[in-house]
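Comments concern the structure below.
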Amino acid sequence: MTKLLWISLVSAVSMTLGCGSVAAAEKEWKLVWSDEFNVDGKPDEAVWNAEEGYARNHELQWYQADNAYCKNGLLVIEAMKTDRPNPLYEEGSNDWRKSRERVECTSSSLTTSGNKEFLYGRFEVKARIPVGGGAWPAIWLLGSGMPWPSCGEIDVMEYYRINGVPHILANAAWGNDEQWSAVWDGARVPFSHSLEKDPEWASKFHIWRMDWDETAIRIYLDDELINEILLSETVNGRIGNNTNPFKKPMYLLLNLAIGGDNGGTVDWDCFPMKYEIDYVRVYQ
């Protein structure tokens with residue numbers, strides 16, 4: 001039985017449980033932090049840092065703060081076409097960040113690194129994601145104090161195309177004995193699964209949730225369990241000193257990447273692309 005099928009069966013069984021037990025469990029959660037994005041203008045700079053420039057994965061976008069703004073109760077991360085010189089350009093460079101003569105598009109990546117870190121709890125993000133060609137929106141967490149992947153990575157949500165087919169992903173990664181090499185526990189759900197339930201899915205907001213405790217990370221989309229990662233299996237190799245990165249605090253990232261290693265072929269007719277976040281809430 002595949003992991004995804006097993007998770008689907010678990011979700012179905014859990015939905016048939018008595019409402020009293022579910023309600024009792026819900027009452028145990030207390031909101032400890034949130035950002036509702038109710039003030040128009042820049043995201044709260046005491047919480048959110050904006051990455052600058054080319055970041056990772058050979059992605060096309062140049063990250064900059066100007067592409068993230070709060071308006072009408074939403075955080076909007078907007079990817080826009082542009083055509084301007086790459087300030088890092090060096091003719092003949094083998095560095096992908098420097099070999100591009102022009103910047104083709106801009107976007108934003110916001111992170112709570114250095115401002116807020118979290119250890120365990122329930123995380124909820126309500127968002128509407130872009131699904132055009134090349135879109136790669138994400139909700140994720142990283143640890144600190146160790147190089148990737150020994151620091152740990154949790155992908156509460158990624159959306160991109162796999163062999164041309166759109167998927168929604170929920171993953172975790174940690175380190176092994178080889179530098180820059182990750183062990184992955186990932187779930188890939190074809191986007192068609194969402195469209196079968198609602199043909200207008202892409203036009204609506206949805207809730208991604210992560211329940212994280214000392215034993216497991218469980219990732220849900222609209223209350224459907226997508227992936228369960230057991231922390232008994234997430235132990236780093238020797239580079240990570242055989243530690244468990246998911247038993248340490250992590251910080252949050254929200255970003256809209258374009259193209260690159262996983263984003264796929266870009267449909268420029270879909271620009272500007274908007275990734276809209278209604279709220280981020282953390283319960284413990």
Side-chain angles (χ1 to χ4, degrees), residues 1-12 54-61 63 77-81 96 104-105 107-109 125-141 149 153-174 181-210 217-229 253-277:
M1 182 181 294
T2 67
K3 182 172 185 179
L4 185 55
L5 175 57
W6 177 82
I7 288 172
S8 297
L9 290 173
V10 170
S11 295
Y54 292 126
R56 59 188 73 86
N57 302 320
H58 305 96
E59 296 155 2
L60 289 183
Q61 79 290 334
Y63 281 136
I77 298 177
E78 188 169 12
M80 304 179 71
K81 288 193 293 185
W96 67 273
E104 296 180 79
C105 63
S107 186
S108 276
S109 174
V125 178
K126 184 176 181 180
R128 177 163 56 192
I129 65 171
V131 297
W136 186 357
I139 303 163
W140 51 309
L141 296 94
E153 175 179 334
I154 304 171
D155 301 321
V156 180
M157 181 274 291
E158 290 186 286
Y159 168 92
Y160 58 75
R161 283 163 167 74
I162 301 173
N163 297 323
V165 179
H167 283 71
I168 293 174
L169 300 93
N171 316 305
W174 59 97
S181 177
V183 181
W184 288 94
D185 185 329
R188 302 175 172 186
V189 181
F191 186 46
S192 58
H193 176 70
S194 296
L195 294 177
E196 287 168 2
K197 293 189 291 184
D198 182 359
E200 302 299 320
W201 191 97
S203 68
K204 299 176 182 179
F205 284 82
H206 302 274
I207 296 177
W208 280 268
R209 187 178 98 227
M210 174 178 69
I217 296 165
R218 297 176 180 88
I219 299 172
Y220 300 79
L221 170 54
D222 292 332
D223 290 327
E224 179 180 358
L225 182 62
I226 302 298
N227 197 3
E228 180 180 58
I229 300 112
L253 301 95
L254 302 171
N255 72 290
L256 173 55
I258 303 296
D261 295 344
N262 291 327
T265 302
V266 178
D267 183 352
W268 294 107
D269 291 335
C270 292
F271 280 69
M273 291 187 183
K274 291 184 178 181
Y275 174 21
E276 299 165 297
I277 299 99

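Sequential numbering from 1 along the given sequence is applied to the chain's residues. What you are looking at is a predicted structure, and each value in this text was computed from that prediction instead of being measured.
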Item to check | Any donor-acceptor N/O pair, Asp185 side chain to Ile229 backbone, under 3.5 Å | outcome: no
Item to check | Euclidean distance, Leu60 CG relative to Lys81 NZ, rounded to 0.5 Å | outcome: 13.0 Å
Next on the checklist: When you compare the side chain of His193 with that of Glu224, does any pair of heavy atoms fall below 4.5 Å?
Outcome noted: yes
With a 3.5 Å cut-off and sequence neighbours excluded, list the donor-acceptor pairs that the side chains of residues 201-208 form with protein atoms.
from	atom 1	to	atom 2	distance (Å)
Trp201	NE1	His206	ND1	3.3
Trp201	NE1	His206	NE2	3.4
Ser203	OG	Glu200	O	2.8
Lys204	NZ	Asp198	OD2	2.8
His206	ND1	Asp222	OD2	2.7
His206	NE2	Trp201	O	2.8
His206	NE2	Lys204	O	3.4

Checklist entry - Pro272 and Met80: which non-hydrogen atoms are nearest, and at how many Å? => result CB-CG, 4.3 Å
Item to check | Interatomic distance, Glu158 atom CD to Arg188 atom CZ [nearest 0.5 angstrom] | outcome: 10.0 Å
Item to check | Contacts of Glu104 that satisfy salt bridge (Lys or Arg N to Asp or Glu O under 4.0 Å) - sequence neighbours left out | outcome: none
Checklist outcome for this item: Heavy-atom nearest pair, Ala173 first then Ala182, reads CB-CB, 4.1 Å
Checklist entry - Okay, side chain of Tyr275, backbone of Ala79: is any donor-acceptor separation there less than 3.5 Å? => result no
Checklist outcome for this item: What one should report as the nearest heavy-atom pair of Pro166 and Gly164 is CD-O, 3.7 Å
Checklist entry - Of all heavy-atom pairs between Ser107 and Ile77, which one has the smallest distance, and what is that distance? => result OG-CG2, 3.9 Å
Checklist entry - Hey, is the main chain of Ala135 close enough, under 3.5 Å, to the side chain of Tyr159 for a donor-acceptor pair? => result no
Checklist entry - Between CD of Glu276 and CD of Glu78, what distance do you get to the nearest 0.5 Å? => result 9.0 Å
Atom pairs and distances, side-chain donor-acceptor, residues 253-270, under 3.5 Å, sequence neighbours left out:
from	atom 1	to	atom 2	distance (Å)
Asn255	OD1	Trp140	NE1	2.7
Asn255	ND2	Tyr63	OH	2.8
Asp261	OD1	His58	ND1	2.9
Asp261	OD2	His58	ND1	3.4
Asp267	OD1	Asp269	N	3.0

Checklist entry - Between Trp96 and Glu59, which heavy-atom pair has the shortest distance, and what is it? => result CZ3-O, 3.5 Å
Next on the checklist: To the closest 0.5 Å, what do you measure between CZ (Arg218) and CG (Leu225)?
Outcome noted: 8.0 Å
Item to check | Point-to-point distance, once rounded to the nearest 0.5 Å, from CH2 of Trp174 to CD1 of Ile154 | outcome: 10.5 Å
Checklist outcome for this item: One should read off an interatomic distance between Ile219 CD1 and Ile226 CD1, to the nearest 0.5 angstrom, of 9.0 Å
Checklist entry - Looking at His167 and Leu169, what are the two nearest heavy atoms and their distance? => result O-CD1, 3.8 Å
Next on the checklist: Show, in sequence, the C-alpha distance, side-chain angles and deciding distance for Met210 and Ile139, and conclude whether the side chain to side chain contact (heavy atoms under 4.5 Å, CB included) test is met.
Outcome noted: CA-CA 11 Å; Met210 174 178 69; Ile139 303 163; over 6 Å; no
